[in-house]
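Here the structure is a predicted model, which means the values were calculated and not measured.
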Amino acid sequence: MSVAIADYTTNHRSAWIRMRSALFSDEDPALIEEEIGQIERDGTLKSQPFVCLLAIGDDGDPIGFIELTVRSSAEDCMTSPVGYIEAWYVDPDHHAKGVGRALMQAGFEWARAQGCREVGSDARAENDASARAHAAMGFQDAGVIRCFRRSI
């Protein structure tokens, strides 16, 4: 299987929504669409530089994506700025075929072009498949933390 990596365009909006909804299955689909709309308008995510790269399959359809930002810091990273993997997804039918690796390598190149020397990422504590995929890409576990939020 050959995989092409391409920048997101609005032509891919429905595919990105589909994949993002699969990755974040516990989130309200309306909020996912709203956030994508904000990204399309502003080119940022939470006021940070942002890019979405897509893996395009043999048939020309997106089969995976990686979302990246630049942060001032990330857990256990020693340099600043830090590239950050906000989301990384490959359709289940395309797992273990090099698609995730191609997306991650393209993400590393983007982060280097932004002046980053390290990349951070995260996954939910119970997501063992993501932990294994990150380890296969050379990530080191920075530990598990519990995060909290409160509306005020």
Legend entry - Heavy-atom neighbours of E126 CD exceed 12 at 6.0 Å: yes
Inset, instruction - Determine yes or no for a side-chain-to-main-chain donor-acceptor pair under 3.5 angstrom, with T69 supplying the side chain and F50 the backbone. - result: no
Legend entry - From SG (C77) to OH (Y84), nearest 0.5 Å: 8.5 Å
Legend entry - Aromatic ring pairing H134/W88, orientation class (parallel under 30°, perpendicular over 60°, tilted between): perpendicular
Inset, instruction - Provide the closest heavy-atom pair for G64 versus L103 in the form atom of the first, atom of the second, distance. - result: C-CD1, 3.8 Å
Legend entry - Whether E40 side chain and T10 backbone form a donor-acceptor pair below 3.5 Å: no
Legend entry - Counterpart residues, side chain to side chain contact (heavy atoms under 4.5 Å, CB included), relative to P81 (two or more places apart): V70, C116
Legend entry - Side-chain (R18) to main-chain (S14) donor-acceptor, under 3.5 angstrom: no
Inset, instruction - Take D26 and R124 through the side chain to side chain contact (heavy atoms under 4.5 Å, CB included) test and state the conclusion after the steps. - result: CA-CA 12 Å; D26 59 339; R124 292 189 174 144; 3.1 Å; yes
Inset, instruction - Mind checking the CE-SG spacing from M19 to C52? Nearest 0.5 Å is all I need. - result: 7.0 Å
Legend entry - Over all atoms of both residues, closest heavy-atom pair of E33 and I17: CG-CD1, 3.5 Å
Inset, instruction - Determine the minimum heavy-atom distance between V90 and H95, stating which atoms define it. - result: O-NE2, 2.9 Å
Inset, instruction - Test side chain to side chain contact (heavy atoms under 4.5 Å, CB included) on S73 and S80 and set out the steps. - result: CA-CA 6 Å; S73 64; S80 183; 5.8 Å; no
Legend entry - Heavy-atom closest contact (A15 atom, P62 atom, distance): CB-CG, 3.7 Å
Legend entry - Between E67 and W16, a side-chain donor and acceptor under 3.5 Å: yes
Inset, instruction - Could you tell me whether R117 atom CZ has more than 12 heavy atoms of other residues or ligands within 6.0 Å of it? - result: no
Inset, instruction - Look only at the side chain of R101 and the backbone of A96, and say whether a donor-acceptor pair between them is shorter than 3.5 Å. - result: no
Inset, instruction - In plain terms, say whether E86 and R71 are close enough for a salt bridge, that is, a side-chain N and a carboxylate O under 4.0 Å apart. - result: yes
Legend entry - Spacing of CZ belonging to F65 relative to CG belonging to L54, to within rounding of 0.5 Å: 8.5 Å
Legend entry - Distance-minimising heavy-atom pair for R20 and I36: CD-CD1, 3.8 Å
Legend entry - L53 vs V51 side-chain heavy atoms within contact, under 4.5 Å: yes
Legend entry - ring-ring contact (aromatic ring centres under 6.0 Å, His included) against F24, all qualifying residues, sequence neighbours excluded: none
Legend entry - Hphob cluster co-occupancy, V82 + V119, side-chain heavy atoms under 4.5 angstrom: no
Inset, instruction - May I ask you to decide if H94's main-chain N or O and D91's side chain share a donor-acceptor pair within less than 3.5 Å? - result: no
Legend entry - Shortest non-hydrogen separation from S121 to I85 and the atoms involved: OG-CB, 3.5 Å
